[in-house]
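Labels below follow one simple rule: chain letters A, B, ... track the order of the sequence lines, proteins then strands, and each chain is numbered from 1. What you are looking at is a predicted structure, and each value in this text was computed from that prediction instead of being measured.
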Amino acid sequence: MVPRDMSERKNPYPFDVFEPKWQHVWDEEKTFKVHNPGEAGFDAAKPKCYILDMFPYPSGAGLHVGHPEGYTATDIVSRYKRMRGFNVLHPMGWDSFGLPAEQYAIKTGQHPSITTYANIDNFRRQLKMLGFSYDWDREIATTDPHYVRWTQWIFLRLYHSYYNTELKKARPVKELEDKGWSREEIDAVRLAYVADGMVNWSPDMGTVLANEEAEEWKSKGFTVERRKLRQWMLRITAYAERLIDDLDNLDWPESIKLLQRNWIGKSTGAEVNFDCNGKTITVYTTRPDTLFGATYMVLSPEHELVPQITTPEQEQAVKAYQAECAAKSDLERTDLAKEKTGVFTGAYATNPVNGKQIPIWIADYVLTGYGTGAIMAVPAHDSRDYDFAVKFELPIIQVVQPDDPATPWKDFCGYDGTMVNSEHFNGLPVPEAKAKMISWLEEKHYGHGKVNYKLRDWLFSRQRYWGEPFPIVWGEDGHHYAIPESELPLLQPEMEDFKPSGDPRGPLVKAKEWIHYSDKATRETNTMPQWAGSCWYYLRYIDPKNDNAFVGADAEKYWMAGNQKPGGVDLYVGGTEHAVLHLLYARFWHKVLYDYGLVSTPEPFNKLVNQGLILGEDGQKMSKSRGNVVNPDDIVRDYGADAIRLYEMFMGPLKEVKPWATKGVEGISRFLARVWRIAMVENQEGEWVLGGKVSDADEKTVTPARKELHKTIKKVTEDIEDMSFNTAISKMMECTNAMTQAESVSVVDYATLLQLLNPFAPHITEELYSILRGAFPQLGACQLSALPWPAYNPEYLVENTREIVIQVNGKLRDKLTVPVDITKEDLEAQALAAPRVKEFTEGKTVRKVIVVPGRLVNVVAN
RNA sequence: GCCGGCUUGGCGGAAUUGGUAGACGCGCUCGACUCAAAAUCGAGUUCGAAAGAGUGUGGGUUCGAGUCCCACAGCCGGUACCA
């Protein structure tokens, strides 16, 4: 047994007794249950507020202290909003598909669902131990067959859809069938489609990996290789424009919006056709204005025209270079990014603007997958082309003169410049030249304006057991077919051996019976990535038990659309690690559903807040290997749930990265004990009983403590709205100190403080309030959580006098206490008469006096 | 390299958005209570003996700058030849 170092210490207040007690009450009474429109108990008069946490992956390690950070923040806002008269939807669930459970199953032979559900039980216990006000009746797990059914249903919706570029929305492929499109033509435009592509394949794990996963597993010693495999893709690129444009209206951190914009990577430019012995080579450029500076052309080594244009003399060199590139992985390519390589093809292309012949090279700095896989090189005004040109001694022609004379033209890539050496474009500013060149190209049919995105389609299949199987079968004709909705959910077969099959079709190929769909069709053996479940879970919370739809229309309209402007989830809190992928994928799925009118808002999450990482006590990232991981179970055992909640909110601003300090939890625990002891005293037997300090006398006098209380109501209200929880707590500390110092405290005032503190520390405040209710019948019969949020009385905030700062030449020299309604003239006169002011203006001339009413007087003298 | 963020006492962090820098908490010091300790309560705590200095560094705007502008440095995160 690990010795408890706190075992000798008596708890400063009996949290170990009343925290479980109140958690039990909330559970039994379903205190935080919220109803949908149409259900008994639904109050249509109240506005809605949907407050969402990023649901956790229930790992075997249990909660870490990062979870309660975001979860406490949303819990405070949820409890506050309920008191302000909102119907609050505040749910929790589990992102329960995932690799660790599968890896464990491979090792032990135990079905992954066993560990998954055991882990969920542990997570649920821990979250309940922290007193979060979730509506547990809405709990969901992405691994639940009822949930899997609808994940697959949405997938089929994607499968049956194409993107109509005129309407700019998803439409059923049925429309195309009706127009007589062929099977192949339709398959080529589906939002969910099959393609052969280069993917990261790990033979050790027997699965493909996303690019961002590949590096991580490689560093853990797994082998990852590039392999051309048939994979399911989702056509997220069709939505690139909408995904970028709709960011504008979202109440998200600008930094996250920027991250998404960069990820989608929109660029505007032109496609330009170059002639090469009658063959047309199309390049993409963002700088058509620099066409006169194009001195050579580069194709990617994999470009389809390379074999056709290469001259016999260069054939050997070109083939050798292509082989060299094919052997390189993506990682190796980027590692060697600094040093440019390439080979001349022997061919020349004609520059359409001036008819000049320019050499065509191949080089791996031109990527196959972006633009047209071919570029015109303008070494004077592109650093990559510049490096290449220098290395291979290709000509460099200036076509832009920087506006700033101090900037050299060589390698100048900016837009602040004027065209030179460009015939009739000379003298034009760059942006104008760019526009003019595009019109010229279009007029002469040499090219056209073009927008490109970095975003690639989403590799959606995995070769795993513990994921949603695709609801797809393959026919004898080699085509894929959707299974009927009535066959959903399609669950994984029962298997005993979860080991990778070594077959790139994944472990499910081993389930022979399951694969056999009919005599004419076999099942798809791939499964969906973990992202699938998290793409729409916020919609399922709205109507978690609906068997007829993934979400009921009325409930969806109420909780998502509501009465606010852009609509969607009102507050979504989680870590930055999901800034791009999860938040982009979920937005994409949501937009597809929106196109069909299945959801009523174009965006899922109206307001997003990222909580900052909590570092270990040593200021390093928490990790098992560093031994600096803090376990919430230990903190709750030693200090209680209210203390850890309050501490995590007091550490600093929610959004900042901040280090853990257990000493700080002690400080918070002392604060809560002081709140406790305002009302409670220990009797001879060592039991806590109500003391005499809190009384029902004196409801009217303006005492310092009462003044402080009303300032605190104002501050805490504003700070919760701002999510500035740390300053709200420090204000409540000041108020508590004022009450501690007071001779006696009115029970109404004390109860008001408890109410302000209730969203932060719900257990101790409910406990104290229930004890007070026993002695003061005027407090009524309900829990604090059922009371309306208190309002401050402005009369208590009015001050008669005010301290004014007196400065001489901007330096603090004196302070005056004056009536608040003093005139400017009087204040100035008093300031000038102040002895300290006289001392510092002695022998000087007063040049100017600045009077800021209610704040300061600055005397300027020299 | 490019893009973003951060930098305030011994420590975590406040600062009405251009107006008393250091709220609140931790830590530390002293005192009360105690045989003693813990707990609790009270006082003090930016540096400096003082004049004075002081919000990463250097400049600027202003009566007045942690806050606005310019340049630079350090740390953290994202991204990686996207033409």
Considering only atom [atom1], compute the distance from [N] to [M] and round it to an integer number of Å.
N	M	atom1	answer
B:G52	B:A43	P	30 Å
B:G66	B:G78	C1'	28 Å
B:U16	B:G1	P	36 Å
B:A71	B:C3	P	13 Å
B:A23	B:U62	C1'	27 Å
B:G5	B:C70	P	13 Å
B:G4	B:C63	C1'	36 Å
B:A14	B:G25	C1'	11 Å

Quick one: ring pair (Phe, Tyr, Trp, His ring centres under 6.0 Å) partners of [X], sequence neighbours excluded?
X	answer
A:Tyr415	none
A:Tyr239	A:Tyr163, A:Phe588
A:Tyr446	A:Trp440
A:His303	none

Heavy atoms from other residues, nucleotides or ligands near [atom1] of [X] exceed 12 (cutoff 6.0 Å):
X	atom1	result
A:Gln684	CD	no
A:Lys621	NZ	no
A:Lys655	NZ	no

**OP:** Using a 4.5 Å cut-off on heavy atoms from C-beta on, say whether the side chain of A:Tyr13 contacts that of A:Met680.
**Re:** no

**OP:** Flag the pair A:Ile729 / A:Met649 as yes when at least one side-chain heavy-atom distance between them is below 4.5 Å, and no otherwise.
**Re:** yes

Original post:
salt bridge (Lys or Arg N to Asp or Glu O under 4.0 Å) with A:Glu718: which residues, sequence neighbours excluded?
Top reply: A:Lys714

**OP:** Kindly label the base of B:U45 as syn or anti, based on whether its glycosidic torsion lies within 90° of 0.
**Re:** anti

Subject >> Syn or anti for B:G78 (syn when the glycosidic angle lies within 90° of 0) >> reply: anti

Original post:
Is the shortest distance from a Lys or Arg side-chain nitrogen in A:Glu839 or A:Arg813 to a carboxylate oxygen in the other one below 4.0 Å?
Top reply: no

Original post:
Charged N to carboxylate O under 4.0 angstrom, A:Lys340 versus A:Asp385?
Top reply: no

Subject >> Range-with-range stems of RNA chain B (Watson-Crick or G-U pairs under 3.5 Å, three or more in a row) >> reply: B:1-7 with B:73-79, B:10-12 with B:24-26, B:27-32 with B:40-45, B:56-60 with B:68-72

**OP:** Sort and list the pairs that fulfil salt bridge (Lys or Arg N to Asp or Glu O under 4.0 Å) and have at least one residue in residues 734-745 of chain A, not counting sequence neighbours.
**Re:** none

Looking at [N], I'd like to know if its phosphate oxygens (OP1 or OP2) sit under 4.0 Å from a side-chain N or O belonging to [X].
X	N	answer
A:Ser267	B:A83	yes
A:Tyr370	B:A83	yes
A:Arg677	B:A39	no

Touch check for [X], heavy atoms < 4.0 angstrom, all strands: base, sugar-phosphate only, or nothing?
X	result
A:Gln741	sugar-phosphate
A:Gly667	sugar-phosphate
A:Asn737	sugar-phosphate
A:Ile375	base
A:Arg674	sugar-phosphate

**OP:** Can you sort out the partners of A:Ser255 under side chain to side chain donor-acceptor pair (under 3.5 Å), two or more places apart, ordered by chain and number?
**Re:** none

**OP:** Give the B/S/- string for nucleotides 12-22 of chain B, one per nucleotide from 5' to 3', where a protein heavy atom under 4.0 Å of the base yields B, of only the sugar-phosphate yields S, and otherwise -.
**Re:** BSS-B--BB--

If you look only at distance, which donor and acceptor atoms sit under 3.5 Å apart when one is on a side chain in residues 670-677 of chain A and the other is two or more places apart or in another chain?
residue  : atom : partner  : partner atom : Å
A:Arg674 : NE   : A:Asn737 : OD1          : 3.2

Collect all protein-nucleotide pairs involving nucleotides 44-54 of chain B in which both atoms are nitrogen or oxygen and the distance is under 3.5 Å.
none

**OP:** State whether the distance check finds a donor on one side and an acceptor on the other, under 3.5 Å, for side chain A:Lys340 versus base B:C81.
**Re:** yes

Subject >> First encountered from the 5' end of RNA chain B, between A:Leu258 and A:Thr740 >> reply: A:Leu258

Subject >> Atom-pair distance (CG on A:Asn809; C1' on B:A65), nearest Å >> reply: 16 Å

Original post:
By a strict heavy-atom criterion of less than 4.0 Å, which residues belonging to residues 283-292 of chain A are in contact with RNA chain B?
Top reply: A:Tyr284, A:Thr285, A:Thr286, A:Arg287

